[in-house]
Amino acid sequence: QVQPVESGGGLVQAGGSLTLSCAASGRTFESYSVAWFRQAPGNEREFVAALTWSDGSTRYADSVKGRFTISRDIAKTTVSLQLNNLKPEDTAVYFCAAAYGDWATSDDFGLWGQGTQVTVSS
């Protein structure tokens, strides 16, 4: 099974941009849906965005819609999350997760990366 590995976090000023990458260690994301979640200190982990394996459709949390974009490369080795117009409340550890096949709920994602820190200063 695939092991997601995140990269690309960092410190950015409010209004800035970052690109997070999720690589499939040792293989590709062929047949896997991939999602991004985030967890801020003291908060529950929350859904951010997901890309469905079969048709490439995407879904976003309302809080990031219009600012974040999830995409995958043609070879299906990497899924990226483009973060634009960042706000201090976007500060969190961002996790990449994978689910075999299509997905229906956040609980379907059972293969997790270690996370990457995103910090947005005001």
Side-chain angles (χ1 to χ4, degrees):
Q1 57 190 15
V2 72
Q3 175 60 53
V5 179
E6 306 94 338
S7 62
L11 173 64
V12 64
Q13 288 189 325
S17 298
L18 278 176
T19 302
L20 306 183
S21 295
C22 178
S25 178
R27 55 178 298 168
T28 72
F29 284 122
E30 183 78 23
S31 300
Y32 286 86
S33 297
V34 178
W36 287 92
F37 294 77
R38 66 186 181 185
Q39 188 168 19
N43 289 359
E44 300 271 325
R45 188 161 55 191
E46 64 174 356
F47 170 83
V48 174
L51 189 149
T52 300
W53 147 249
S54 62
D55 61 3
S57 61
T58 57
R59 193 184 304 179
Y60 297 92
D62 288 343
S63 59
V64 306
K65 205 171 291 183
R67 300 188 298 122
F68 292 6
T69 303
I70 188 171
S71 62
R72 64 185 173 191
D73 65 349
I74 293 175
K76 299 182 178 66
T77 59
T78 303
V79 172
S80 298
L81 185 68
Q82 177 66 38
L83 292 67
N84 295 329
N85 190 22
L86 282 159
K87 305 175 181 180
E89 52 264 42
D90 294 318
T91 295
V93 177
Y94 283 70
F95 297 90
C96 179
Y100 187 77
D102 289 348
W103 71 286
T105 73
S106 297
D107 291 340
D108 291 337
F109 292 96
L111 302 168
W112 292 86
Q114 293 299 306
T116 185
Q117 176 71 45
V118 172
T119 303
V120 184
S121 63
S122 57

Checklist entry - Considering all heavy atoms of both residues, which atom of Ser17 and which atom of Asn84 are nearest to each other, and what is their separation? => result OG-OD1, 3.0 Å
Next on the checklist: Would you compute the distance between atom CG of Leu11 and atom OG1 of Thr91 and round it to the nearest 0.5 angstrom?
Outcome noted: 8.5 Å
Checklist entry - Roughly how far, to the nearest 0.5 Å, is CG of Asn43 from CD of Glu89? => result 11.5 Å
Checklist entry - Out of curiosity, Ser57 OG to Leu51 CG, how far, rounded to the nearest 0.5 Å? => result 7.0 Å
Checklist entry - Between Val34 and Phe109, is any pair of side-chain heavy atoms under 4.5 Å apart? => result no
Item to check | Note: Lys65-Asp62 ion pair, threshold 4.0 Å (strictly below) | outcome: yes
Next on the checklist: How about CD on Gln114, more than 12 heavy atoms from neighbouring residues, nucleotides or ligands closer than 6.0 Å, or not?
Outcome noted: no
Checklist entry - Looking at CG of Asp102 and CG of Asp55, how far apart are the two atoms once the value is rounded to the nearest 0.5 Å? => result 6.5 Å
Checklist entry - Does a side chain donor of either Gln82 or Thr19 reach within less than 3.5 Å of an acceptor in the other side chain? => result yes
Checklist entry - Do Asp90 and Leu83 touch side chain to side chain, with heavy atoms closer than 4.5 Å? => result no
Next on the checklist: Please tell me whether Trp112 and Val93 are part of a single hydrophobic cluster in this structure, the criterion being side-chain heavy atoms less than 4.5 Å apart.
Outcome noted: yes
Checklist entry - Is the Tyr94 ring parallel, tilted or perpendicular to the Phe68 ring (thresholds 30°, 60°)? => result tilted
Checklist entry - So, for Ser122 and Ala14, which heavy atoms are closest and what is the spacing to 0.1 Å? => result CA-CB, 4.4 Å
Checklist entry - What is the minimum heavy-atom distance between Leu86 and Leu18, and which atoms define it? => result CD1-N, 4.0 Å
Checklist entry - Between the side chain of Ser33 and the main-chain N/O of Trp53, is any donor-acceptor distance below 3.5 Å? => result yes
Checklist entry - For Leu111, does its backbone N or O pair with a side-chain atom of Gln3 as donor and acceptor, under 3.5 Å? => result no
Checklist entry - Looking only at heavy atoms, which two atoms of Leu81 and Trp36 are closest? And how far apart? => result CB-NE1, 3.6 Å
Item to check | Parallel, tilted or perpendicular: ring planes of Phe47 versus Phe37, cut at 30 and 60 degrees | outcome: perpendicular
Next on the checklist: On a heavy-atom basis, which atom in Val5 and which in Ser25 lie closest, and how many Å separate them?
Outcome noted: CG2-CB, 3.8 Å
Item to check | Min side-chain heavy-atom separation Tyr60-Arg67 under 4.5 Å | outcome: no
Checklist entry - Would you find a donor on one side and an acceptor on the other, under 3.5 Å apart, between the side chain of Asp73 and the backbone of Thr78? => result yes
Item to check | Spacing of CD belonging to Gln117 relative to CZ belonging to Arg38, to within rounding of 0.5 Å | outcome: 12.0 Å
Item to check | Tyr100 side chain to Val2 backbone, donor-acceptor under 3.5 Å | outcome: no
Checklist entry - Looking at Ala50 and Trp103, what are the two nearest heavy atoms and their distance? => result CB-CZ2, 3.4 Å
Checklist entry - With no hydrogens and no angle check, is any side-chain donor or acceptor of Glu6 less than 3.5 Å from a backbone partner on Thr116? => result no
Item to check | Over-ring placement of Arg45 relative to Phe95, 6.0 Å and 45° cut-offs | outcome: yes
